[in-house]
Amino acid sequence: MNMKRISISFVLAIIITMVGFYFLITYGYQQVDVQKLETDKSLKILGLEYFRFEPVEGAAARGVPNNFNMALVGMGMGILLFFFLEIWSSRRSGGGAKR
């Protein structure tokens, strides 16, 4: 077991998940006109709301993260990415089964 490779895969999984949510929220801001928003608008992934825009009278809409759902989806994505990175790096280094 290569602890350095496992640590790198773990850190990369966390970073990729954080960057992924950054782009998802940025994409949501591009899709919603925060100046003219009249009702709540939710951003969802896998049916779970991870970010919500709430209108504020006389000002731009306010973005409110749903921390529990974002953490839940983030952990799932991080675990999947971790295993994907581990399998990819072990096959690349010749330690895994080859076809």
Review point. Which is it for Phe51 and Phe21 under the side-chain contact (heavy atoms from CB on, under 4.5 Å) test, yes or no, and what are the steps along the way?
Key: CA-CA 10 Å; Phe51 201 77; Phe21 271 112; over 6 Å; no
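- Here the closest non-hydrogen pair linking Met77 and Ile45 is SD-CD1, 4.5 Å.
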Exercise for review: Could you check Leu24 against Leu43 for side-chain contact (heavy atoms from CB on, under 4.5 Å), going step by step and ending with a plain yes or no?
Suggested key: CA-CA 9 Å; Leu24 283 173; Leu43 302 178; over 6 Å; no
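- More than 12 heavy-atom neighbours from other residues, nucleotides or ligands sit within 6.0 angstrom of OH on Tyr29.
- Residues Tyr27 and Phe53 fall into different hydrophobic clusters, defined by Ile, Leu, Val, Met, Phe, Trp and Tyr side chains chained together at heavy-atom separations under 4.5 Å.
- Distance check, rounded to the nearest 0.5 Å: CE of Met3 to CD1 of Ile8 gives 12.5 Å.
- Within a 6.0 Å radius of CD in Gln30, more than 12 heavy atoms belonging to other residues, nucleotides or ligands are found.
- The closest side-chain heavy-atom distance from Leu12 to Leu81 is not below 4.5 Å.
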Exercise for review: Apply the test side-chain contact (heavy atoms from CB on, under 4.5 Å) to residues Tyr50 and Ile25: give CA-CA distance (whole Å), side-chain angles for both, the deciding distance (0.1 Å), then the verdict.
Suggested key: CA-CA 9 Å; Tyr50 64 91; Ile25 292 171; 3.9 Å; yes
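- Looking at heavy atoms from C-beta onward, Arg52 lies out of side-chain contact with Pro65 at the 4.5 angstrom threshold.
- Here the straight-line distance linking atom CZ of Arg91 with atom CD of Glu86 works out to 13.0 Å at 0.5 Å rounding.
- Separating the CD atom in Glu49 from the CE atom in Met70 is a distance of 9.5 Å, to the nearest 0.5 Å.
- For the pair Ala13 and Phe82, the tightest heavy-atom approach, listed with the atom from each and the gap, is CB-N, 3.8 Å.
- Under the 4.5 Å side-chain contact rule for hydrophobic residues, Val11 and Tyr22 share a cluster.
- Here Leu85 contributes atom CG and Trp88 contributes atom CH2; the two are 7.5 Å apart, rounded to the nearest 0.5 Å.
- When side chains are defined from C-beta on, Pro55 does not count as touching Thr39, because their heavy atoms never get closer than 4.5 Å.
- The line from CG of Asn69 to CG of Leu46 is 10.5 Å long, rounded to the nearest 0.5 Å.
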Practice item. Begin with the C-alpha distance, continue with both residues' side-chain angles, and end with the deciding distance and a verdict on side-chain contact (heavy atoms from CB on, under 4.5 Å) for Phe83 and Ile79. Key: CA-CA 6 Å; Phe83 284 117; Ile79 290 169; 3.6 Å; yes
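- Expressed to the nearest 0.5 Å, how far CD1 of Ile87 lies from OG of Ser9 amounts to 10.5 Å.
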